[in-house]
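Shown next, in structure tokens, is the structure this report addresses.
Any value given below was found using the heavy atoms of this structure, including those in side chains, with hydrogens, waters and symmetry copies removed.
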Amino acid sequence: MKTRDKILLSSLELFNERGERNVTTNHIAAHLAISPGNLYYHFRNKSDIIYEIFLEYEKLVDFYLDIPESRPITLEDLTFYLESVFDGLWSYRFFHRDLEYLLDSDRRLREDYREFTERCLVAISRIFQKLAEADIIHYQHEDLRSAMSLNVWLVITNWMAYLKTAHASQGDGELTLTHLKQGIYQVLTLEIPYLTPDYRERVMALREKYRPELPDAADRAALAANEGS
């Protein structure tokens with residue numbers, strides 16, 4: 001693996017584990033056992049590293065949301081889209097933990113993320129349209145489909161923030177991919193009013209696999225204490 005790729009991979013690992021704001025370029029260089037000068041040969045600063053990581057994440061999501069046009073969509077396709085998007089969210093979880101701060105810190109990232117969001121909303125809307133064509137959900141007018149697509153996007157991109165508050169006593173280190181994928185339950189819940197009779201039972205069974213674990217009393221007490229401090 002080339003040094004440049006090692007820097008990106010190690011940075012992603014450290015950002016996910018410690019949080020982007022707690023990791024400096026010196027930390028990254030030390031983790032790789034290279035000199036800071038070697039790191040700066042490949043990247044001018046940490047913002048450049050974050051931007052390149054985002055480009056990789058962007059390509060991954062674009063690949064996952066490549067909607068087939070030559071055949072009807074299936075429930076298995078829907079499951080793949082949801083699983084894959086949440087897998088990507090987990091692999092790049094630091095990004096959505098600190099999204100507002102990162103976008104405020106880098107104009108390039110802010111502009112590219114806006115375009116990325118628009119593409120994702122188009123893809124989600126297209127998925128809803130294909131689900132209707134396959135008679136998995138009832139047809140939705142364009143305005144409703146756009147609103148539903150936005151709701152799905154909001155659930156996906158804000159699920160990490162919810163977990164951080166709902167499981168406040170555990171800290172980020174206790175959150176798992178299983179916790180994250182429980183967001184699929186919420187996405188499928190949005191579709192319930194539109195399911196056709198032939199698919200309702202199957203979708204409800206799929207949804208049940210991702211039922212979230214509700215915070216216990218200790219979690220709620222810790223959250224209340226944090227809010228009161």
Side-chain angles (χ1 to χ4, degrees), residues 8-23 49-67 75-106 109-110 112-128 131 148-168 170-191 206-215:
L8 291 175
L9 189 61
S10 294
S11 298
L12 177 59
E13 178 184 348
L14 292 173
F15 293 159
N16 281 339
E17 289 180 356
R18 305 180 190 178
E20 177 272 333
R21 295 193 224 187
N22 298 319
V23 177
I49 295 174
I50 294 168
Y51 182 69
E52 288 294 326
I53 289 175
F54 167 71
L55 294 180
E56 293 300 317
Y57 173 60
E58 184 179 36
K59 286 190 291 186
L60 182 69
V61 175
D62 285 343
F63 173 76
Y64 286 151
L65 295 181
D66 183 21
I67 315 303
L75 193 55
E76 288 71 27
D77 289 323
L78 177 61
T79 305
F80 171 78
Y81 297 143
L82 292 171
E83 285 271 351
S84 298
V85 166
F86 277 90
D87 278 334
L89 193 62
W90 175 255
S91 297
Y92 295 83
R93 57 193 176 276
F94 87 91
F95 191 76
H96 286 282
R97 279 199 307 243
D98 296 311
L99 180 60
E100 185 175 354
Y101 169 78
L102 293 173
L103 297 185
D104 285 343
S105 302
D106 190 330
L109 188 59
R110 184 166 61 251
D112 282 11
Y113 188 80
R114 184 183 301 115
E115 294 177 1
F116 170 66
T117 296
E118 291 172 357
R119 289 201 310 278
C120 288
L121 289 173
V122 169
I124 295 168
S125 179
R126 182 60 180 147
I127 289 171
F128 277 127
L131 287 171
M148 284 289 293
S149 301
L150 179 57
N151 287 342
V152 167
W153 179 249
L154 291 174
V155 169
I156 292 172
T157 56
N158 288 282
W159 188 247
M160 181 69 72
Y162 165 76
L163 292 177
K164 287 177 66 178
T165 54
H167 299 271
Q170 298 177 3
D172 285 356
E174 297 298 321
L175 298 179
T176 66
L177 178 58
T178 298
H179 287 127
L180 191 64
K181 285 191 175 181
Q182 289 166 359
I184 295 175
Y185 180 95
Q186 307 303 131
V187 173
L188 293 175
T189 298
L190 294 173
E191 299 178 10
L206 174 64
R207 171 176 171 266
E208 194 61 29
K209 294 179 181 179
Y210 301 99
R211 177 177 289 275
E213 301 170 6
L214 296 177

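By the salt bridge (Lys or Arg N to Asp or Glu O under 4.0 Å) test, Arg119 pairs with Glu58, Asp62, sequence neighbours left out. Every residue meeting the side chain to side chain contact (heavy atoms under 4.5 Å, CB included) condition with Ile67, not counting sequence neighbours, appears here in chain and number order: Glu69, Tyr81, Arg126, Ile127, Lys130. With sequence neighbours excluded, the residues that form a side chain to side chain contact (heavy atoms under 4.5 Å, CB included) with Ser105 are Tyr101. Remark: Asp106 engages Ser47, Tyr51, Arg108, Leu109 in a side chain to side chain contact (heavy atoms under 4.5 Å, CB included) (not counting sequence neighbours). By the side chain to side chain donor-acceptor pair (under 3.5 Å) test, Ser10 is found to be paired with no residue, residues two or more places apart in sequence or in another chain being considered. Val155 meets the side chain to side chain contact (heavy atoms under 4.5 Å, CB included) test with Gln186, Val187, Leu190; sequence neighbours excluded.
Atom CG of Leu163 is separated from atom CZ of Arg97 by 11.0 Å, given to the nearest 0.5 angstrom. Between the CG atom of Leu99 and the CG atom of Asn158 there is a distance of 8.5 Å, given to the nearest 0.5 Å. Residue Asn22 holds its CG atom at 11.0 Å from CG of Leu14, rounded to the nearest 0.5 Å. Atom CD of Glu20 and atom CG of Leu102 lie 5.0 Å apart (nearest 0.5 Å). Within the model, atoms CG of Leu188 and CG of Leu78 stand 6.0 Å from one another, a figure rounded to the nearest 0.5 Å. Taken from NZ in Lys181 to CG in Leu89, the straight-line distance is 11.0 Å, to the nearest 0.5 Å.
Minimum heavy-atom separation, Leu8 to Ile49: CD2-O, 3.9 Å. Leu12 and Ile53 make their closest contact through N-CD1, 3.9 Å (heavy atoms, listed as atom of the first residue, atom of the second, distance). Taking every heavy atom of both residues into account, Ser149 and Leu121 meet most closely at O-CD2, 3.7 Å.
In this structure, Glu191 and Phe128 have side chains that are in contact, with non-hydrogen atoms separated by less than 4.5 Å. When side chains are defined from C-beta on, Leu180 does not count as touching Arg93, because their heavy atoms never get closer than 4.5 Å. Asn16 is not listed as a side-chain neighbour of Trp90, based on a closest heavy-atom distance of 4.5 Å or more. You'll find the side chain of Ile124 stays beyond 4.5 Å of the side chain of Leu150, heavy atoms only. Between His179 and Thr176 the shortest side-chain heavy-atom distance falls below 4.5 Å. The closest side-chain heavy-atom distance from Leu60 to Tyr92 is below 4.5 Å. For the pair Tyr64/Phe80, a side-chain contact is recorded, criterion being any heavy-atom separation below 4.5 Å from C-beta on. In this structure, the side chains of Trp153 and Thr117 come closer than 4.5 Å at one or more pairs of heavy atoms.
Atom CD of Glu100 has 12 or fewer neighbouring heavy atoms from other residues, nucleotides or ligands inside a 6.0 Å radius.
Judged by distance alone, the side chains of Tyr57 and Glu52 never bring a donor and an acceptor atom under 3.5 Å apart.
You'll find the ring centres of Phe86 and Tyr210 outside the 6.0 Å limit.
Remark: the backbone N or O of Leu154 is not paired with any side-chain donor or acceptor of Trp159 at under 3.5 angstrom. Side chain of Arg18 to backbone of Val23: no donor-acceptor contact under 3.5 angstrom is found. Counting only distance, with no hydrogens or angles, the side chain of Thr189 and the backbone of Tyr185 share a donor-acceptor pair below 3.5 Å.
Using bins of under 30°, 30° to 60° and over 60° for the plane-to-plane angle, the ring pair Phe54/Tyr113 lands in the tilted bin.
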